[in-house]
Amino acid sequence: MIEERLQEVRSNIEASKAKRDASFDHDVLLVAVTKNHDIYAMREAIDAGVTDIGENRIQEAKEKFETLDRQVTWHLIGHLQTNKAKQAVKMFDLIHSVDTLHLAEAIDKAAAGIGKVQKVLVQVNLAQEESKSGIYEDELMDLLHKVDEMENLQLMGLMCIAPNYEDVEECRPLFAKMRKIFDKVKEISWQTANIKYLSMGMTHDYTIAVEEGANVVRVGTGIFGPRQY
Ligand SMILES: *Cc1c(COP(=O)(O)O)cnc(C)c1O
């Protein structure tokens, strides 16, 4: 089942890539979101070709991290509390959810403590939804510059979560705007940042996100089916 769904997601991504602007030349990295799915599902997905997995809670990720007997790239996609930064840097290759200076400082310090340069994305709250994490656009550049200056962080790009619109097409202008911001950010001459990743799109909206220029998508339900809580 997982293998078939994975194939379907991959072919949807290819179809969306074919529709998009030729200037978007990146491959699209599929992050399989395994939150609330067990280690068996994870193994099955990895054996079917998944190379990158996403988790959004530290405790759940830790249990899996200690049990999983497969080599994968770990992505933290959920909100991170500063008091869990130490645990996060031990596990995750890329943290998608940096959205305050305070959190960036905590991750920088935690990474320094284990002699690591932690790769991060800054999460943008483009629709300015109060209930969601992410920095607002008007404060974005300032945060990016500060992250770029931190010795134990390497800024790799931007992440966003679109609002849960009833009509998913409403995400499109938002994703297009994110792509514009991403292109602008890429042009800046950074000290250590390597702006590569634009992480946007989940099960219900990843095809639109890819069409609008996403090069990282985070898909859970589309691969593993509905989560049982
Ligand atoms: C859960 C989650 C996803 C995946 O959601 P699906 O709708 O199951 O694809 C993607 N991104 C973030 C930040 C998430 O928390």
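Keep in mind that this is a model prediction, so the values were computed, not measured. Atoms within a ligand are numbered from 1 in the order they appear, just like the ligands themselves.
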At less than 4.0 angstrom from any non-hydrogen atom of [X], what atoms of ligand 1 do you find?
X      : value
Val219 : 9 (O)
Ile161 : 13 (C)
Gly220 : 4 (C), 6 (P), 8 (O), 9 (O)
Thr221 : 6 (P), 7 (O), 8 (O), 9 (O)

Below 4.0 Å, non-hydrogen atoms only: which portion of [X] touches ligand 1? Side chain, backbone, both or neither.
X      : value
Asn56  : side chain
Arg227 : side chain
His204 : neither

Shortest protein contact, [atom] (heavy atom only):
atom                    : answer
atom 11 (N) of ligand 1 : Arg218 NE, 2.9 Å
atom 15 (O) of ligand 1 : Lys35 NZ, 2.7 Å
atom 9 (O) of ligand 1  : Thr203 OG1, 2.4 Å

May I ask you to decide if the ring planes of His145 and Trp190 are parallel, tilted or perpendicular, using 30° and 60° as cut-offs?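 It falls in the tilted class, 30° to 60°.
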A cation-pi test, strictly: NZ or CZ of Arg172 under 6.0 Å from the centre of the six-membered ring of Phe175 and no more than 45 degrees from its axis. Yes or no?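 No - Arg172 does not lie over the ring of Phe175 by the 6.0 Å and 45° rule.
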Can you check which of His96, His79, Met202, Met159 brings a heavy atom nearest to atom 10 (C) of ligand 1?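 Residue with the shortest heavy-atom distance to the ligand atom: Met202.
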Minimum non-hydrogen distance to atom 13 (C) of ligand 1, winning option of Ile223, Val9, Ile77: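 Among Ile223, Val9, Ile77, the closest heavy atom to atom 13 (C) of ligand 1 comes from Ile77.
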Charged N-O contact under 4.0 Å between Arg10 and Glu14: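 Salt bridge absent between Arg10 and Glu14.
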Does Arg179 come within less than 4.0 Å of Glu212, counting only side-chain N to carboxylate O?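 Between Glu212 and Arg179 there is no salt bridge, as every charged N stays at least 4.0 Å from the carboxylate O atoms.
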Could you check whether atom CD of Gln71 has more than 12 heavy atoms from other residues, nucleotides or ligands sitting under 6.0 Å from it?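 Not more than 12 within 6.0 Å, no.
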For Lys116, does the NZ atom sit with more than 12 other heavy atoms under 6.0 Å from it, leaving out its own atoms?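 More than 12 within 6.0 Å, yes.
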Validation row: Leu158, Leu144 side chains within 4.5 angstrom (heavy atoms):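 Answer yes - side chains close enough.
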pair Ser199-Ile77: side-chain heavy atoms closer than 4.5 Å: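 Of all side-chain heavy-atom pairs linking Ile77 with Ser199, none is under 4.5 Å.
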